[in-house]
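Side-chain atoms are counted along with the backbone in the values below, which use heavy atoms only and exclude waters and symmetry mates. Per chain, numbering begins at 1; letters A, B, ... match sequence-line order.
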Amino acid sequence: MGRLTRLAQPGHFMRWSGAVLPWVAGLAVVLLAVGQYLTWFVAPPDYQQGETVRIMFIHVPAAWMAVFFYGAMAVSALGTLIWRHPLADVAQRAAAPVGAAFTLICLVTGSLWGKPMWGTYWVWDARLTSMLVLFLIYCGLLALWRTIEDPNRAARAVAILTLVGAVNLPIIKFSVNWWSTLHQPASILRMGGPTIHPTMLYPLLVMIAAASVLGIALHLQAMRTEILRRRVRTLTILEAERLDAALLAPQAA
Amino acid sequence: MSVGSWDLGPHAAFILGAYGFTALVIAGLVVHAILDRRAQERALARLQEEPPRGRR
């Protein structure tokens, strides 16, 4: 625990993340290349969906990343509120745009799959609606950060809203079980094992791994940039205070 | 519509549209990450190099 706490100190984080990031980014590129090869050259067309099934290989990883990043933000929110760890808010702030982008990809690719398969781009189905709510929560959190000027107050407000929004995560996961939805039920993470044929399952799992590693690389980079942004803010305030003091000194004399 | 050696069928526009949109968003995330980092590094370097104006 002590070692983990030390790694999470901003100075330490900048050092180890700087060393690890190129490798993580490289692994993401390799996994994406392998995943795309399997998607286009190995996975067969579906007997019902035909070639349209290839949209699944980006839609499902995007959905996983959308939920994963929100889960990570909820854990970071606990770090901000309970332990008041400086890196917790940084991690949360860095995760929000990446999570929002993956949620948008999930919604758009699902919509583009829905039109030829369901005959419509959108239905107010429980799964689709809960994913839309997740996207709106991401947007709301990003807006809240910009609205509150004091970073500490913003961090607490965002952390509370993030935890409230976490209620949506089980709703997304179980919406297909709790309600009668047009969206198909879970076919990978389910009791009794996956229902997808291995020729499609393995390419999908590689794409999920690729999206996960890519997401982690983007998150690490965004966290590093956020730490720099906070240093810039602190130095700018110190510079402004020095300037104020210099202007006021002759008047006092 | 056919792409390369295989036919994507009647829904090719939807498939390519989905992949195109995803590529665009991912590229946007990567480019933004690079540009944002550079901007912060430049700002930090400027602040650290600049002599305090009050003491000139």
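Within the 4.5 Å cutoff, side-chain heavy atoms of A:Met131 are placed close to those of A:Cys106. No side-chain heavy atom of A:Leu38 sits under 4.5 Å from any side-chain heavy atom of A:Met207.
Contact of A:Ser111 with chain B is not made at all, since no heavy-atom distance falls under 4.5 Å. When heavy atoms are compared at a cutoff of 4.5 Å, A:Gln36 approaches chain B solely by way of its side chain, counted from C-beta outward. Of the atoms belonging to A:Ile105, heavy atoms from both backbone and side chain fall under 4.5 Å from chain B. Heavy atoms closer than 4.5 Å to chain B are found in the side chain of A:Leu214, but not in its backbone. For a residue to count as touching a neighbouring chain, one of its non-hydrogen atoms must lie under 4.5 Å from one of that chain's; by this rule A:Thr39 touches chain B with the side chain only. Using a 4.5 Å cut-off between heavy atoms, A:Ala101 contacts chain B through both its backbone and its side chain. Of the two parts of B:Tyr19, the backbone and the side chain both hold a non-hydrogen atom closer than 4.5 Å to a non-hydrogen atom of chain A.
Using a cutoff of 4.0 Å between basic side-chain nitrogens and carboxylate oxygens, A:Glu239 and A:Arg242 are scored as salt-bridged.
A ring-centre distance under 6.0 Å is found for A:Trp16 and A:Phe13.
Shortest non-hydrogen contact noted between A:Thr109 and A:Ile55 is O-CG2, 3.5 Å.
Heavy-atom pairs under 4.5 Å with chain B peak, among A:Leu235, A:Leu228, A:Ile58, at A:Ile58.
Classification of the A:Phe102-A:Phe69 ring pair by plane angle, with boundaries at 30° and 60°, yields parallel.
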